[in-house]
Protein chains: 2
Amino acid sequence: MEARRDVFQAIADPTRRAIIGMIAEQPVNVNTIAEQFDVSRQAISLHLKILAECGLVEFRQTGRERLCEAKLDKLEEVHAWVQHYHQLWTSRFNSLKSFLEQEELESKTTGTPAKQPSRQISKRKK
Amino acid sequence: MEARRDVFQAIADPTRRAIIGMIAEQPVNVNTIAEQFDVSRQAISLHLKILAECGLVEFRQTGRERLCEAKLDKLEEVHAWVQHYHQLWTSRFNSLKSFLEQEELESKTTGTPAKQPSRQISKRKK
DNA sequence: TATAAGTGCAAGTATTTACTTGCGCAATGG
DNA sequence: CCATTGCGCAAGTAAATACTTGCACTTATA
């Protein structure tokens, strides 16, 4: 039942992202969060549970209230993952024009469309 | 049937993240991708479809092969979202020590616990 | 000490996933 | 031309999601 509870999975849901946005600045209790949404309190409670299971949210019991606090540093995994590709596509963009220009140049020179299937991996293992 | 196909949803699945990692450098055809995983080709094909629906992957038909190309710039939405909180938690970390020190200082000076908003000294869950 | 406020837990349901197997079809290449 | 390769489509399944309603249990508070 308890499946994978990773951060990527947790932030996949727009409601949960909205919850994070709501408590990022300061802790908020469960009912206050729930009031901001159209779904039931139980639904929000479940979202919070999911967020808590991957460490994105921690609870602090104060009397009968339960403050929900965002632990933003748990987003580090996502940040690192995206950052990697961000750098990749950024540097690629910088060299895109020159690449295309060169390709076009070759095409004009040799007369062939600069075919690229030579860049495949195509390693079979079965 | 066609539900929300946003990028967050797309990268929530570890298999799909692995696919992105595999084709980030250069385009790869469907079967070659599928061979890298333990699931069936159809499963991979479905993952690719989902990735394509949110623009993270584009296909290029070359003969009977279908090259899958990663469009990393589509990760921009995720990047921006995470980056926002990354800055938040980074700056917060930088000011945490001084905040606590100042709070403690005030507490000693005035004799009051300095309004106790978020002193999480007693968080020993689990 | 009733009551209200703040929440969790359990059960039930409608959708969505994530996969699988089986079949068909177009491009290739001997 | 015919077997092979590369893939999509469709049907079927098991499990996970996202919600809801109803009930029980603590704390504050009048």
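Below, read A as the first sequence line, B as the second, and so on, with proteins coming before strands; counting in each chain starts at 1.
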Are B:I50 and B:V78 connected in a single hydrophobic cluster, I mean Ile/Leu/Val/Met/Phe/Trp/Tyr linked by side-chain heavy atoms less than 4.5 Å apart? no
Atom CG of A:L46 and atom P of D:dT20: how far apart are they, to the nearest Å? 11 Å
Please list, pair by pair, any protein nitrogen or oxygen found under 3.5 Å from a nitrogen or oxygen in nucleotides 27-30 of chain D.
| unit_1 | atom_1 | unit_2 | atom_2 | d |
| --- | --- | --- | --- | --- |
| D:dT27 | O2 | A:R64 | NH1 | 3.2 |

Given that A:I50 and A:R41 both sit by DNA chain D, which one's nearest nucleotide is further toward the 5' end? A:I50
Checking B:T15 now: which residues fulfil side chain to side chain donor-acceptor pair (under 3.5 Å) with it, not counting sequence neighbours? B:D13
Taking only side-chain nitrogens and oxygens of B:S40, does any of them come within less than 4.0 Å of OP1 or OP2 of C:dC19? no
Would a hydrophobic clustering, with Ile, Leu, Val, Met, Phe, Trp and Tyr connected at side-chain separations under 4.5 Å, put B:L46 with B:M22? no
Of A:T32, A:N29, A:N31, which is the lone residue that meets side-chain hydrogen bond (donor to acceptor under 3.5 Å, both in side chains) with A:E65? A:N29
State which of D:dC9, D:dC7, D:dT20 makes the closest approach to the side chain of B:Q42. D:dC9
Looking only at side-chain atoms of B:Q9, point me to the closest of C:dT17, D:dG8, D:dA18. C:dT17
Check whether any side-chain nitrogen or oxygen of B:H47 sits under 4.0 Å from OP1 or OP2 of C:dC19, and answer yes or no. yes
Can you tell me how far P of D:dA18 sits from CD of A:E53, to the nearest Å? 12 Å
Please report, rounded to the nearest Å, how far the C1' atom of D:dC7 is from the CD atom of B:Q61. 8 Å
Let me know the distance between CZ of A:R66 and P of C:dA5, rounded to the nearest Å. 21 Å
Can a side chain N or O of B:R16 be found less than 4.0 Å away from OP1 or OP2 on C:dA18? yes
A:R60 and A:P27 have their tightest heavy-atom pair at NH2-CG, 3.5 Å
Map B:T15 and A:N31 onto DNA chain C by nearest heavy atom, then report which one ends up closer to the 5' terminus. A:N31
For B:I44 and D:dG8, what is the distance between atoms CD1 and P respectively, to the nearest whole Å? 12 Å
For the pair made of CG in B:D13 and P in D:dA16, what is the distance, rounded to whole Å? 14 Å
Side-chain contact check for A:V39: nearest option of D:dA18, D:dT20, C:dT7 is D:dT20
Between A:L48 (CG) and C:dC9 (P), how many Å, whole number? 12 Å
Closest approach of B:A10 to B:L56 (non-hydrogen atoms, all atoms of both residues): CB-CD1, 4.1 Å
Residues at least two apart in sequence or cross-chain that pass side chain to side chain donor-acceptor pair (under 3.5 Å) with A:T62, listed by chain then number, are none
Within the 4.0 Å heavy-atom criterion, would you say A:S45 contacts the bases, only the backbone, or no part of the nucleic acid? sugar-phosphate
Rounded to whole Å, CD1 of B:I19 lies from C1' of C:dC19 at a distance of 13 Å
